[in-house]
Engineer: 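Provided herewith is a single structure, encoded as structure tokens, for subsequent inquiry.
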Amino acid sequence: MKLKKYAFGIVSGLALSGLLATTAVADEITLKMAGVRPVDDPAHKVLEMVAEEIEAADVGLSVKLFPAGQLGSGEELLEDTIRGNVDMTFAFLYAHKDPALEINSLPFLASSWDEVNSIFGNPESTYTQIITETLDRIGLVYLGVGVEGLIGVVLTEEPENATSIGQKGKHIRVWGSQLAKAATETLGYQTTTMNWAEVIPAVQAGTVDGAICCTSTSVTTTFAKSGVGSVFVPYNAFTESHTIYASQRTWGKMNEEQRAVVEKASANALEWYNQQAQENDAAYSAALVEQGWTVVEFTPEERAAISEAIKAEVWPIARDIVGEEVFDRLVAGN
């Protein structure tokens with residue numbers, strides 16, 4: 001199963017039936033589309049591609065882009081898109097509005113590109129169905145997901161027991177997820193929860209020794225470019241995914257032709273994003289080494305031992321957080 005065949009889950013009938021029934025010609029609409037990544041990151045190219053295709057369709061839609069966190073963090077963008085203050089967002093889905101979204105932080109849900117393809121890249125997967133239903137419930141429209149890669153830890157120096165479970169002697173940032181926090185502490189790190197915008201300043205100031213946050217791509221385009229950090233430990237415990245979603249308030253103002261254009265533009269941009277991410281993953285790791293970084297290597301046995309230990313510790317917690325029905329459905333379906 002290849003990512004490019006699916007464009008990561010554009011789902012027919014993804015909006016509420018009442019919204020789809022709105023067929024009146026909409027007025028000219030300017031869409032505010034926001035992201036959080038730097039303008040030289042591939043994620044920003046997605047924003048540009050979506051905007052260009054939407055405007056080229058000439059269906060009464062224009063797009064104004066707000067990249068690099070100009071309108072706030074991923075958590076803030078989720079809330080503002082629900083309210084309709086932002087029309088479209090391309091960012092990680094945080095779970096503070098619905099615990100079911102914690103499935104995006106379930107450790108070792110996917111730990112290889114083959115698993116990424118089958119879970120995130122399939123519009124019929126249980127994951128896609130759960131995310132679509134959950135976003136609909138909180139006032140958002142799911143337009144697809146892009147996977148940048150698998151996440152590791154960025155540090156200013158190499159930790160103890162880097163490739164095994166055990167105390168690391170390092171204090172690092174974790175994002176706002178109980179599951180991410182539990183998994184990172186099971187690995188042996190001390191943790192502090194903070195928003196993405198605070199991470200690099202905190203590492204620079206020595207408030208934390210690093211962060212669990214990033215793929216080889218974002219380490220290269222964010223940390224290495226900023227001269228922050230020198231070690232990358234690719235645990236591959238989590239998937240760095242960015243979802244395109246729209247406000248239901250905005251969706252209800254568009255006619256069916258406009259919605260179809262937005263869906264297609266999102267699908268095409270994500271197809272490109274997912275393909276280049278998989279092709280370039282190894283190249284970004286090599287680029288880090290060329291810049292003098294240490295990229296820690298694992299044996300298959302070391303990775304398996306870490307996965308088994310974290311699943312045993314964290315998956316029971318996940319079942320309680322996301323709900324038994326959602327968790328059991330997700331695990332059975334994947």
Side-chain angles (χ1 to χ4, degrees), residues 1 6-20 74-75 77-79 81-83 89 91-112 114-147 150-151 174-186 193 236-248 251 270 307-334:
M1 185 178 300
Y6 295 107
F8 268 26
I10 298 299
V11 181
S12 299
L14 50 80
L16 294 173
S17 59
L19 296 181
L20 288 175
E75 296 94 333
L77 289 175
L78 185 73
E79 295 185 13
T81 310
I82 291 171
R83 297 187 188 105
T89 292
F92 181 76
L93 279 176
Y94 291 93
H96 59 299
K97 301 302 290 186
D98 193 303
L101 295 176
E102 272 281 64
I103 65 174
N104 281 308
S105 296
L106 181 64
F108 293 104
L109 174 62
S111 55
S112 69
D114 285 343
E115 292 173 349
V116 167
N117 293 345
S118 64
I119 295 170
F120 296 85
N122 182 356
E124 304 301 324
S125 73
T126 305
Y127 168 86
T128 301
Q129 294 167 11
I130 292 171
I131 292 297
T132 302
E133 295 163 6
T134 305
L135 292 188
D136 180 72
R137 186 164 61 243
I138 63 176
L140 298 171
V141 177
Y142 175 74
L143 291 168
V145 61
V147 170
L150 297 163
I151 287 176
V174 67
W175 66 93
S177 161
Q178 295 180 63
L179 300 184
K181 184 177 179 66
T184 305
E185 291 178 351
T186 299
T193 300
N236 295 356
F238 301 97
T239 303
E240 180 68 32
S241 63
H242 298 262
T243 301
I244 300 181
Y245 54 87
S247 172
Q248 283 185 4
W251 204 249
L270 289 173
S307 175
E308 290 172 7
I310 288 180
K311 283 183 177 180
E313 182 70 25
V314 181
W315 278 32
I317 301 172
R319 195 168 187 265
D320 291 338
I321 291 173
V322 306
E324 292 183 7
E325 187 273 333
V326 169
F327 182 84
D328 292 344
R329 182 182 165 196
L330 178 67
V331 173
N334 295 299

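FYI, side chains are in, hydrogens and waters are out, and symmetry mates aren't considered; it's all heavy atoms of this structure. What you see is a predicted model; the values in this text were computed from it and never measured.
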Engineer: Let me confirm one number: the CG-CG distance from Leu140 to Leu101, rounded to the nearest 0.5 Å.
Structural biologist: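 Leu140 atom CG to Leu101 atom CG measures 9.0 Å (nearest 0.5 Å).
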Engineer: Within the side chain of Glu115, is there an N or O that forms a donor-acceptor pair under 3.5 Å with the backbone of Ser111?
Structural biologist: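 Flag set: sc Glu115 to bb Ser111 pair under 3.5 Å.
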Engineer: List the atom of Val314, the atom of Pro107, and the distance in Å for their closest heavy-atom pair.
Structural biologist: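 The answer is CG1-CG, 3.8 Å.
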Engineer: With side-chain contact (heavy atoms from CB on, under 4.5 Å) as the criterion, how do Tyr245 and Leu135 come out once you've worked through the C-alpha distance, each side chain's angles and the decisive distance to 0.1 Å?
Structural biologist: CA-CA 8 Å; Tyr245 54 87; Leu135 292 188; 4.1 Å; yes
Engineer: Ring-plane angle category for Phe327 and Trp315, please: parallel below 30°, perpendicular beyond 60°, tilted otherwise.
Structural biologist: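 Phe327 vs Trp315 ring planes: perpendicular.
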Engineer: Could you check whether any side-chain heavy atom of Tyr127 comes within less than 4.5 Å of a side-chain heavy atom of Asn104, counting everything from C-beta outward?
Structural biologist: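 Counting from C-beta outward, Tyr127 and Asn104 do come under 4.5 Å.
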Engineer: Any donor-acceptor pair under 3.5 Å linking the side-chain atoms of Gln129 with those of Ser125?
Structural biologist: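 There is no such pair (donor and acceptor under 3.5 Å, judged by atom type) between the side chains of Ser125 and Gln129.
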Engineer: Taking only Lys NZ, Arg NE, NH1 and NH2, and the carboxylate oxygens of Asp or Glu, determine whether Arg329 and Glu133 approach each other closer than 4.0 Å.
Structural biologist: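 A salt bridge links Arg329 with Glu133.
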Engineer: May I ask you to say whether Glu185 pairs ionically with Lys181, meaning some side-chain N is under 4.0 Å from a carboxylate O?
Structural biologist: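 Judged by the 4.0 Å cut-off on N to carboxylate O distance, Glu185 and Lys181 do form a salt bridge.
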Engineer: Taking His242 for its side chain and Val145 for its backbone only, find out whether a donor-acceptor pair lies under 3.5 Å.
Structural biologist: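 Answer holds: no.
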Engineer: Say whether, by atom type as modelled, one donor and one acceptor occur between the side chain of Gln248 and the main chain of Ile82 under 3.5 angstrom.
Structural biologist: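 Side chain of Gln248 to backbone of Ile82, a donor-acceptor pair under 3.5 Å: no, none is there.
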Engineer: Kindly compute the distance separating CD1 (Ile138) from CG (Leu78), expressed to the nearest 0.5 Å.
Structural biologist: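 The CD1 atom of Ile138 sits 5.0 Å away from the CG atom of Leu78.
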Engineer: Where the side chain of Thr128 meets the backbone of Glu124, is there a donor-acceptor pair that is under 3.5 Å apart?
Structural biologist: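 Between the backbone of Glu124 and the side chain of Thr128 there is no qualifying donor-acceptor contact (under 3.5 Å).
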Engineer: Give the intermediate values and the outcome of side chain to side chain donor-acceptor pair (under 3.5 Å) for residues Thr81 and Thr89.
Structural biologist: CA-CA 7 Å; Thr81 310; Thr89 292; 2.8 Å; yes
Engineer: How long is the gap from OG1 on Thr243 to CZ on Phe92, to the nearest 0.5 Å?
Structural biologist: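 It comes to 8.0 Å.
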Engineer: How close do Thr186 and Ala309 get, counting heavy atoms only, and between which atoms?
Structural biologist: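 Looking at all heavy atoms of both residues, the shortest contact is CG2-O, 4.3 Å.
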Engineer: How long is the span from the CD1 atom in Ile321 to the CD1 atom in Ile103, to the nearest 0.5 Å?
Structural biologist: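 Ile321 CD1 to Ile103 CD1: 13.0 Å, rounded to 0.5 Å.
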Engineer: Measure from the side-chain N and O atoms of Ser177 to the backbone N and O of Leu179, and report whether any donor-acceptor pair falls under 3.5 Å.
Structural biologist: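 Yes; judged by distance alone, with no hydrogens or angles, the pair exists.
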Engineer: How far apart are the C-alpha atoms of Ile119 and Thr239, what are their side-chain angles, what is the distance that settles it, and do they pass the side-chain contact (heavy atoms from CB on, under 4.5 Å) test?
Structural biologist: CA-CA 11 Å; Ile119 295 170; Thr239 303; over 6 Å; no
Engineer: Rounded to the nearest 0.5 Å, how far does CG of Leu150 lie from CG of Asn236?
Structural biologist: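 The CG atom of Asn236 sits 4.5 Å away from the CG atom of Leu150.
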Engineer: Report the distance from atom CD1 of Ile131 to atom CG of Leu93, rounding to the nearest 0.5 Å.
Structural biologist: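 CG of Leu93 is found 6.0 Å from CD1 of Ile131.
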Engineer: Looking at Ile317 and Ala182, what are the two nearest heavy atoms and their distance?
Structural biologist: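 Reported closest heavy-atom pair: CD1-CB, 4.2 Å.
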Engineer: Phe238: what forms a ring-ring contact (aromatic ring centres under 6.0 Å, His included) with it, not counting sequence neighbours?
Structural biologist: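 Once residues adjacent in sequence are excluded, the partners of Phe238 under the ring-ring contact (aromatic ring centres under 6.0 Å, His included) criterion are Trp175.
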Engineer: Around Gln178, counting heavy atoms of other residues, nucleotides and ligands shown, do more than 12 lie under 6.0 Å from its CD?
Structural biologist: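 Open.
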Engineer: Let me see the working for Asp136 and Tyr142 under side-chain contact (heavy atoms from CB on, under 4.5 Å), right down to the final yes or no.
Structural biologist: CA-CA 7 Å; Asp136 180 72; Tyr142 175 74; over 6 Å; no
